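So that we are looking at the same thing, I have put the structure below in structure tokens.
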Amino acid sequence: GENVEQHPSTLSVQEGDSAVIKCTYSDSASNYFPWYKQELGKRPQLIIDIRSNVGEKKDQRIAVTLNKTAKHFSLHITETQPEDSAVYFCATHTGGFKTIFGAGTRLFVKA
Amino acid sequence: EPEVTQTPSHQVTQMGQEVILRCVPISNHLYFYWYRQILGQKVEFLVSFYNNEISEKSEIFDDQFSVERPDGSNFTLKIRSTKLEDSAMYFCASREDRGVSGELFFGEGSRLTVL
């Protein structure tokens with residue numbers, strides 16, 4: 001079945017540094033790759049997404065890259081700030097009815 | 001801004017009891033979901049619902065679970081006989097369409113504690 005692997009599970013960076021989170025997926029039919037941010041005790045919320053016909057997308061300090069051949073995609077956060085501290089989930093969607101999530105990365109940004 | 005709403009926010013129940021979690025998806029959305037998140041773990045897919053029927057379900061969604069859309073607005077998850085391992089945060093989500101542009105909008109979650 002579908003599987004999404006996410007690394008690292010925990011990431012600690014100094015404020016202002018960059019953070020990179022990587023995911024690999026197994027289902028070659030996946031065509032939509034969203035990233036969700038979940039603050040403590042809150043709901044997951046979409047922060048950026050990328051479709052399979054695009055290799056890279058950027059939105060201010062956040063960027064996502066996709067390598068469909070290798071079946072991996074990454075989230076890049078530049079100039080990190082303390083409010084970026086949260087759990088980040090990658091996910092895949094095949095165009096069917098479900099979105100499958102990775103295990104999550106707990107990001108700590110130290111001031 | 002429209003949002004998915006869930007009730008109750010927290011429910012405590014005894015093992016073996018039935019629980020119903022309620023959700024009101026965003027009004028023009030067509031696809032509805034329940035996800036589960038055990039404390040500190042990943043968001044796990046339970047079931048998707050479209051056109052008044054289940055479209056996909058996971059291995060977790062066994063015979064103890066059922067979903068229903070009893071009217072035009074509510075979407076419910078029922079657990080018939082709760083087990084200790086059902087303790088988790090249950091998120092309802094909805095999506096406008098299932099195509100490539102399909103952002104999932106989550107509710108605030110219902111925390112279920114089974115004693």
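Proteins come first, then strands; the chains are lettered A, B, ... in the order of their sequence lines, and each starts at number 1. All values reported here derive from a predicted model rather than from experimental measurement.
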query: Should we say atom NZ of Lys22(A) is surrounded by more than 12 heavy atoms from elsewhere, each under 6.0 Å from it?
result: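 Check fails, neighbour count at 12 or below.
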Heavy atoms of other groups near Glu59(B) CD, more than 12 under 6.0 Å: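 It does not: Glu59(B) CD has 12 such atoms or fewer within range.
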- request: For the residue pair Val43(B) and Tyr36(A), establish whether any side-chain heavy-atom pair is separated by less than 4.5 Å.
  value: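 With C-beta onward as the side chain, the pair stays apart.
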field: Tyr32(A) and Glu103(B), any side-chain heavy atoms less than 4.5 Å apart
entry: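 Yes, close enough: below the 4.5 Å cut-off.
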- prompt: When rounded to the nearest 0.5 angstrom, what distance separates CD in Gln38(A) from CZ in Phe106(B)?
  reply: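 It is 8.5 Å, given to the nearest 0.5 Å.
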task: Say whether Tyr90(B) and Leu115(B) are linked into one hydrophobic cluster, either directly or through other cluster members, by side-chain heavy-atom distances under 4.5 angstrom.
output: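 Result: no, two separate clusters.
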message: Can you tell me if Glu85(B) has over 12 outside heavy atoms packed within less than 6.0 Å of its CD?
response: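 Check passes, neighbour count above 12.
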- prompt: Any side-chain heavy-atom pair from Phe89(A) and Gln37(B) closer than 4.5 angstrom?
  reply: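 Counting from C-beta outward, Phe89(A) and Gln37(B) do come under 4.5 Å.
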Over 12 non-hydrogen atoms of neighbours within 6.0 angstrom of CG in Leu39(B):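 For Leu39(B), atom CG is not crowded (no more than 12 foreign heavy atoms under 6.0 Å).
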task: Count the heavy atoms of every other residue, nucleotide or ligand shown that sit under 6.0 Å from NZ of Lys71(A), and state whether that count exceeds 12.
output: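 Yes, NZ of Lys71(A) has more than 12 neighbouring heavy atoms, counting only those of other groups under 6.0 Å.
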query: Atom NZ of Lys98(A) and atom OH of Tyr35(B): how far apart are they, to the nearest 0.5 Å?
result: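 If I round to the nearest 0.5 Å, the distance is 9.0 Å.
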field: Among Met89(B), Arg111(B), Glu3(B), residue most engaged with chain A (heavy-atom pairs, under 4.5 Å)
entry: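 The residue among Met89(B), Arg111(B), Glu3(B) with the greatest pair count is Glu3(B).
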- prompt: Side chain, backbone, both or neither: which part of Pro34(A) has a non-hydrogen atom closer than 4.5 Å to chain B?
  reply: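 Contact with chain B: none, neither part.
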field: pair Thr99(A)-Arg95(B): side-chain heavy atoms closer than 4.5 Å
entry: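 Sidechains of Arg95(B) and Thr99(A): in contact.
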Within 6.0 angstrom of Glu79(A) CD, more than 12 heavy atoms from elsewhere: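 Counting other residues, nucleotides and ligands, CD of Glu79(A) stays at 12 neighbours or fewer.
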- request: Please look at Val4(B) and chain A and tell me whether the side chain, the backbone, both or neither of the residue comes under 4.5 angstrom of a heavy atom of that chain.
  value: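 Backbone of Val4(B) only, per the 4.5 Å heavy-atom cut-off to chain A.
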Engaged part of Glu108(B) at the chain A interface, taking heavy atoms whose separation is under 4.5 Å: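 Both backbone and side chain.
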